Every structure is written in structure tokens, then in C-alpha cells.
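Please read these numbers as outputs of a predicted model, since none were measured by experiment.
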Amino acid sequence: MIEKLNYIKELPFFSSLDDEKLKVIASISKVTNYSKGSILYYEDDISNKLFFLVQGLIKVYKIDKFENEIFLYYIYKDSLISELTTLHNDMIHCFSNAEFVEESIILEIDFLEFKKEFLSKNILNNEFINEILLKTHQLHCVVNRELVFDATAKVAFTLHNDLKMFNSLKRHEVSFMLHIQPETLSRVLNKLKRNAIIDIENSNVIILNKEMLKSAYKGSL
């Protein structure tokens, strides 16, 4: 129980709660460990749990009709994982697949009890709205990346907004994630380096000029 409470306290989502309400969260939740490569849920699954990522990293993706994986975004620690479109149902529908990229710890909360003990009493509503807005922003970024950006803009946007993740992956993994060829990724990185926007040391990208990097995906470079 003490360990579970400590995990709950680590999550910014619950930072406004007093000790009594934190104990209520603990009473309607459990902590689960997941290994790298395991699946939290598949597209079209239905769950009665709210999932929060306490530690680790999750890849969210969909599968197209040709069985190709379409990367959407990563979920980092201290984040709500569950995809919610309404609070009127007691079950949560999953619209994508969620796979653990590294060993992770999940807080699972009974959604019906959470609604009864908190949301129905106007507790944590603002935090919940902020998380839903964050999900919406992530999907806007996906739309830009897949439908608007060219290869240079895709790479620049990723470097500007997620440099740590970019440097943690192998180049072919980044290419796969951005849906561009590895050769294209190399050309874009070399171009950004020639323009003194980035540097590359020991295979890690270092940003030299954030404003010019931003311009590369805003269309003004």
C-alpha cells in the first residue's frame, strides 16, 4: 500500500489531492509491471480501467489494411495513457495499440469508481480536461507529420520537440517512425548540419539554432 501511494504521489495528475483522497485512489487501483515488448491493449479493446504510466515508455500505433505499422506517438512517464472520447460511458474504447518500449510500471484505476469518487464531485476535472487536450494536441501533430510535412519538416519537428527520444533510437527506427527512407533521413540531417542548425557528435544530434530548426518545419526556412 505504501509503495502504491508513493507511485500515485509521483504522478502530477494527483498533486492537488490531500492524503485522504490519495488513499481513496490507492483503494481503487493497482500497480502492474510490464516487460519491454509487451502490449497494454490492442485497437478495438474495451477496458474499465484508467491507465497511467508511472515509469517507462509506450509506443502508440495503428495497423493499416496491409498489416503495416503506422506510428502515432510515444507516451512518457507521468502521463495518462487511456484514450477517452466521452465520460458518459463506464467503459473505455481503445482506438490504437499500446506497446511497451522498455520495462514499465502502470497504475490501473477502476474507471467507474474514479468517476463516482472524483469526477462526479468535480474533483480532478481540470486535470482530466488538460490530459484530454494533450491527447488532442498529439493527434494534431500526427496529422501535420503525416499529411502536411515533407521529410525535412518531419525531421526538424521531431528534433525540436523530442530530441531525447530521437537520440535514444537507432537511425533506422527513426526512419520507420517518420515513414521516410533511411537515406532521406541522412540527407536531411546532413543538410541541417551544413546550415549550422544542428551538429552531430557520437551519433547524437545537438541543436545549435532552435529558431532556424523551428523555421524548417514552419515553412519559413
Side-chain angles (χ1 to χ4, degrees), residues 7 10-13 31-42 51-63 68-83 96-107 131 134-135 137-146 149-217:
Y7 283 137
E10 287 179 14
L11 293 165
F13 186 91
V31 172
T32 307
N33 292 272
Y34 287 87
S35 59
K36 178 181 178 179
S38 57
I39 302 295
L40 179 61
Y41 54 74
Y42 289 100
F51 297 115
F52 287 85
L53 184 59
V54 179
Q55 293 179 16
L57 181 64
I58 290 177
K59 175 178 66 175
V60 178
Y61 64 95
K62 294 178 76 71
I63 301 294
N68 297 311
E69 180 181 306
I70 307 299
F71 170 79
L72 297 179
Y73 52 84
Y74 283 110
I75 298 176
Y76 298 93
K77 61 174 292 189
D78 301 335
S79 300
L80 174 69
I81 302 168
S82 303
E83 305 164 321
S96 55
N97 308 283
E99 178 183 335
F100 294 97
V101 179
E102 59 190 40
E103 291 187 4
S104 301
I105 299 175
I106 297 295
L107 179 71
E131 289 290 344
L134 177 60
K135 294 288 185 187
H137 174 70
Q138 287 176 317
L139 292 176
H140 286 166
C141 291
V142 171
V143 170
N144 280 333
R145 190 185 72 220
E146 297 304 316
F149 290 165
D150 61 12
T152 298
K154 286 183 178 183
V155 175
F157 179 85
T158 304
L159 290 174
H160 187 273
N161 293 280
D162 219 337
L163 179 63
K164 182 178 178 181
M165 179 276 299
F166 188 99
N167 284 332
S168 71
L169 298 175
K170 295 181 173 60
R171 290 290 187 261
H172 73 272
E173 293 174 321
V174 175
S175 300
F176 180 76
M177 181 187 79
L178 298 180
H179 308 126
I180 60 178
Q181 294 298 317
E183 297 80 7
T184 302
L185 174 60
S186 294
R187 284 197 298 271
V188 171
L189 290 175
N190 287 333
K191 180 174 72 172
L192 294 174
K193 185 177 180 179
R194 285 196 308 273
N195 291 336
I197 297 173
I198 66 169
D199 197 6
I200 301 175
E201 294 182 3
N202 300 320
S203 298
N204 285 330
V205 173
I206 300 169
I207 298 175
L208 302 177
N209 191 320
K210 291 202 74 168
E211 287 306 311
M212 287 188 67
L213 186 64
K214 190 174 182 179
S215 297
Y217 66 84

Visitor: How long is the span from the CD1 atom in Ile58 to the CG atom in Asn97, to the nearest 0.5 Å?
Guide: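 These two atoms lie 12.0 Å from each other.
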Visitor: Would you say Lys191 has more than 12 foreign heavy atoms packed within less than 6.0 Å of its NZ?
Guide: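 For Lys191, atom NZ is not crowded (no more than 12 foreign heavy atoms under 6.0 Å).
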Visitor: Is Ser104 close to Leu53 at the side-chain level, that is, under 4.5 Å between some pair of heavy atoms?
Guide: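 Heavy-atom side-chain distance check passes, below 4.5 Å.
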Visitor: Taking atom OH of Tyr76 as the centre, does the number of heavy atoms from other residues, nucleotides or ligands within less than 6.0 Å exceed 12?
Guide: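 Counting other residues, nucleotides and ligands, OH of Tyr76 exceeds 12 neighbours.
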Visitor: With ring centroids as reference points, do Phe176 and Phe71 lie under 6.0 angstrom apart?
Guide: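 Not under 6.0 Å, so no.
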Visitor: To the nearest 0.5 Å, how far apart are CD in Gln55 and CD1 in Ile106?
Guide: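 Spacing of CD (Gln55) from CD1 (Ile106) equals 10.5 Å.
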Visitor: If you count heavy atoms of other groups shown closer than 6.0 angstrom to CD of Glu103, is the number above 12?
Guide: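 12 or below, so no.
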Visitor: Under 30°, 30 to 60°, or over 60°: which ring-plane class applies to Phe13 and Phe52, parallel, tilted or perpendicular?
Guide: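 Judged by the thresholds at 30° and 60°, the geometry between Phe13 and Phe52 is tilted.
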Visitor: Would you call the rings of Phe100 and Tyr34 parallel, tilted or perpendicular, where under 30° means parallel and over 60° means perpendicular?
Guide: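 Judged by the thresholds at 30° and 60°, the geometry between Phe100 and Tyr34 is parallel.
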Visitor: Do Phe157 and Arg145 make a side-chain contact, defined as non-hydrogen atoms from C-beta onward lying under 4.5 Å apart?
Guide: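 Counting from C-beta outward, Phe157 and Arg145 never come under 4.5 Å.
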Visitor: Would you call Cys141 and His137 a side-chain contact if the rule is heavy atoms closer than 4.5 Å?
Guide: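 Yes - at least one pair of side-chain heavy atoms lies under 4.5 Å apart.
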Visitor: Taking the basic N atoms (NZ, or NE/NH1/NH2) and the acidic carboxylate oxygens, is any pair closer than 4.0 Å for Glu102 and Lys77?
Guide: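 So Glu102 does not pair with Lys77 through a salt bridge.
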Visitor: Do Ser38 and Glu99 get their side chains close enough for a donor-acceptor pair, meaning under 3.5 Å?
Guide: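 Per modelled atom types, Ser38 and Glu99 side chains form no pair under 3.5 Å.
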